[in-house]
Number of protein chains: 2
Amino acid sequence: MIRRDSKVPFYHQLYEILRHKIVRGEWHPGDILPTENDLLDTYRVSRSTVRQALDALVGEGLIYRQRGRGTFVAHPTVEQTLMRIVSFTDDMYQRGMKPSTEVLVSELVPAPEDIARQLDVEPGEELTYLERLRLADDEPMSIEASYLVHRYCPGILNDDYSKKPLRLTLEEKYNIRLVYAKQTIRAVNASRRLAGKLGIPVNAALLAIERVSYSKENIPVEFIRFYHRGDRYLLYNELRD
Amino acid sequence: MIRRDSKVPFYHQLYEILRHKIVRGEWHPGDILPTENDLLDTYRVSRSTVRQALDALVGEGLIYRQRGRGTFVAHPTVEQTLMRIVSFTDDMYQRGMKPSTEVLVSELVPAPEDIARQLDVEPGEELTYLERLRLADDEPMSIEASYLVHRYCPGILNDDYSKKPLRLTLEEKYNIRLVYAKQTIRAVNASRRLAGKLGIPVNAALLAIERVSYSKENIPVEFIRFYHRGDRYLLYNELRD
DNA sequence: TAGTGGTCTAGACCACAAA
DNA sequence: TTGTGGTCTAGACCACTAA
């Protein structure tokens, strides 16, 4: 249902609702969606708002429309993680695995110099630090270490992020939507600590991704370091000439 | 001016009009566009229609909007650098390093089953196999193992690919242009052989990329496996929500 | 013919930037 | 305070598909 008092626009709420149904498998490729009129009745919004939500899904390649027939869930031709910002949870569902999360660390820390530079703040400025172990089908998959500029979202660590996405709280409580990100990808050998957490041999290969995410005002808000198990995690993407 | 009797939707006519002014240089990067209200008056359409036209231009990266300020012609800086097919040589120059190449293997081989599947040919079909060591500033950087469907480019291995890009011969002699590719990225530990070639310790982390490239007729032509040194090679990309 | 998505209008109120 | 783009509504008519 759409929260009328939320700061999140209706169309974006509806977009999230529909996206979930597709990504989490409630609706399957080829399935027909409710008509625009149905959606408009169900969610009590205007047709423009419904179409704005659907437009976003079309742009993402998740659905397609046929005039006179209806709107359908697209067959996952391709288009993947490398181009879109996807939460770990959605990512795993798309890969057909059951995601779960374990919070390892949740605290405030002074900004290390390299991260401060990426987040465009002074070294030593207060950052939230949230380190989580991500599991897929109950087997360790990744370590995700996330830094947020605490000033933008004071008190955000009071919530429990083993169940709830960090992005959701950011949007709902702080009205911060991360719309753009830059990342670097490389391969590293697992340290003793990472190997222990991930249940793999020391020196096993990890896919290390560092990502800086920007708000719609183009302000860097989050720095994340992912360590994905090389033997389990794959990135896909497409290239054009 | 917008033709009311045309079958072309108003928003698309307006989109073309505005697009021309940008592409043909009437408006320059950083220039402010007329406000939505101006456009609505000038072209005698509703605000929704104006916005639909502008949305298309935003999606194309030609303009950007700033609430409270206005709409501007975008600087053609980057963004669309998302992920282009780039040769190793160009790639290294972009990174400010001097590329060089050493051919390790150049021969015909029967298609292994997994590669045959990716190239949509029968297992055992004749493929060219070209294995090259890539160096940057005279230091080993990557191993690149390339398979081509020999039937599409017979005799291609007669040339020397330590100096000349394979793609160039494909285009010039066989009129095959690779315009599209899919790839997977993962992290692996270096085998004894790879480690030796790359001058790194056994088990060092490598970025392993497998890429299938398609011709403009959408036929898979080439399968490449890259092994990039984790300590030297970095992938960079951008994401959008 | 009935129902779908495609296009379009004329309003309205809001958050934000700049003067 | 004024003007911008951001969101939203409640209509309308159209072209197309399928029954």
Side-chain angles (χ1 to χ4, degrees), chain A residues 1-18 27 30-59 62-74 152 171-177 179-180 215-219, chain B residues 1-18 27 30-59 62-74 241:
Chain A
M1 247 325 100
I2 286 180
R3 302 180 307 283
R4 327 294 291 195
D5 58 340
S6 166
K7 281 180 190 165
V8 180
F10 299 172
Y11 77 86
H12 193 260
Q13 293 186 45
L14 180 53
Y15 158 84
E16 291 282 13
I17 291 169
L18 300 177
W27 293 338
D31 282 3
I32 189 166
L33 267 69
T35 69
E36 296 181 352
N37 276 314
D38 287 349
L39 291 171
L40 152 181
D41 283 344
T42 305
Y43 295 99
R44 304 276 161 203
V45 292
S46 71
R47 182 148 176 242
S48 315
T49 302
V50 168
R51 285 185 62 81
Q52 203 172 351
L54 294 176
D55 283 347
L57 293 167
V58 168
L62 281 174
I63 64 171
Y64 59 93
R65 297 194 264 218
Q66 288 188 14
R67 188 200 313 228
R69 301 226 304 134
T71 303
F72 303 84
V73 179
Y152 302 152
E171 287 194 9
E172 291 185 345
K173 273 175 75 168
Y174 304 94
N175 194 29
I176 296 176
R177 200 185 319 160
V179 296
Y180 173 72
S215 70
K216 54 185 180 301
E217 296 82 11
N218 212 33
I219 297 167
Chain B
M1 253 321 107
I2 285 179
R3 302 181 308 281
R4 326 295 292 194
D5 58 341
S6 167
K7 280 181 190 165
V8 180
F10 300 172
Y11 76 87
H12 194 262
Q13 293 186 46
L14 180 52
Y15 158 83
E16 291 283 12
I17 291 168
L18 300 178
W27 292 339
D31 282 3
I32 188 165
L33 268 69
T35 70
E36 296 181 352
N37 276 313
D38 287 349
L39 291 170
L40 152 182
D41 283 344
T42 305
Y43 295 99
R44 304 275 159 203
V45 293
S46 70
R47 182 150 174 238
S48 315
T49 303
V50 168
R51 284 186 62 83
Q52 205 172 350
L54 295 177
D55 282 348
L57 292 168
V58 169
L62 280 174
I63 63 171
Y64 59 93
R65 296 194 264 220
Q66 287 188 16
R67 184 188 333 215
R69 301 226 302 133
T71 304
F72 304 83
V73 178
D241 186 12

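Chain letters run A, B, ... following the sequence lines, proteins first, then strands; residues in each count from 1.
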(request) List in chain and number order the residues that pass side chain to side chain contact (heavy atoms under 4.5 Å, CB included) with A/Tyr64, two or more places apart in sequence or in another chain; answer none if no residue qualifies. (result) A/Gln66, A/Phe72, A/Ala74

(message) Apply side-chain contact (heavy atoms from CB on, under 4.5 Å) to residues A/Ile2 and A/Val45 and explain how you reach the verdict.
(response) CA-CA 9 Å; A/Ile2 286 180; A/Val45 292; 3.9 Å; yes

(message) To the closest 0.5 Å, what do you measure between CG (A/Leu57) and CG (A/Leu14)?
(response) 8.0 Å

(request) Name the residue closer to the 5' end of DNA chain D, choosing between B/Thr35 and A/Arg47 according to the nucleotide with the nearest heavy atom. (result) B/Thr35

(message) Using C1' atoms of five pairs at each end, report the bend of the helix from C/dT1-D/dA18 to C/dA18-D/dT1 rounded to 10 degrees.
(response) 0°

(message) Base, sugar-phosphate or nothing for B/Ser48? Non-hydrogen atoms, less than 4.0 Å.
(response) base

(message) Can you confirm whether B/Gln52 sits close enough to B/His12 that some side-chain heavy atom of one is under 4.5 Å from a side-chain heavy atom of the other?
(response) no

(request) Using atom CG of A/Leu40 as one end and atom C1' of C/dG3 as the other, report the distance to the nearest whole Å. (result) 14 Å

(request) Give me the residues of residues 64-71 of chain A where at least one heavy atom lies under 4.0 Å from an atom of DNA chain D, by number, or none. (result) A/Arg67, A/Gly68, A/Arg69

(request) On DNA chain D, reading 5' to 3', which nucleotide is the first and which the last to sit with an atom under 4.0 Å from a heavy atom of chain A, could you check? (result) D/dT7 to D/dA18

(message) When you measure from the side chain of B/Glu36 to the backbone of B/Arg51, do you find a donor-acceptor pair of N or O atoms at a distance under 3.5 Å?
(response) no

(message) Could you go through A/Ile17 and A/Tyr43, starting from their C-alpha distance and side-chain angles, then the distance that decides it, and tell me whether this counts as side-chain contact (heavy atoms from CB on, under 4.5 Å)?
(response) CA-CA 10 Å; A/Ile17 291 169; A/Tyr43 295 99; 3.5 Å; yes

(request) Using atom types as modelled and distance alone, determine if a side-chain donor or acceptor of A/Gln13 lies under 3.5 Å from a backbone N or O of A/Arg3. (result) yes

(request) Identify, with sequence neighbours excluded, every residue that meets side chain to side chain contact (heavy atoms under 4.5 Å, CB included) alongside B/Leu40. (result) B/Asn37, B/Arg47, B/Val50

(request) Please name all residues satisfying side chain to side chain contact (heavy atoms under 4.5 Å, CB included) with B/Asp38, sequence neighbours left out, ordered by chain then number. (result) B/Pro34, B/Thr35

(message) Tell me the closest heavy-atom pair linking A/Leu33 and A/Trp27, and the distance in Å.
(response) CG-CZ3, 3.8 Å

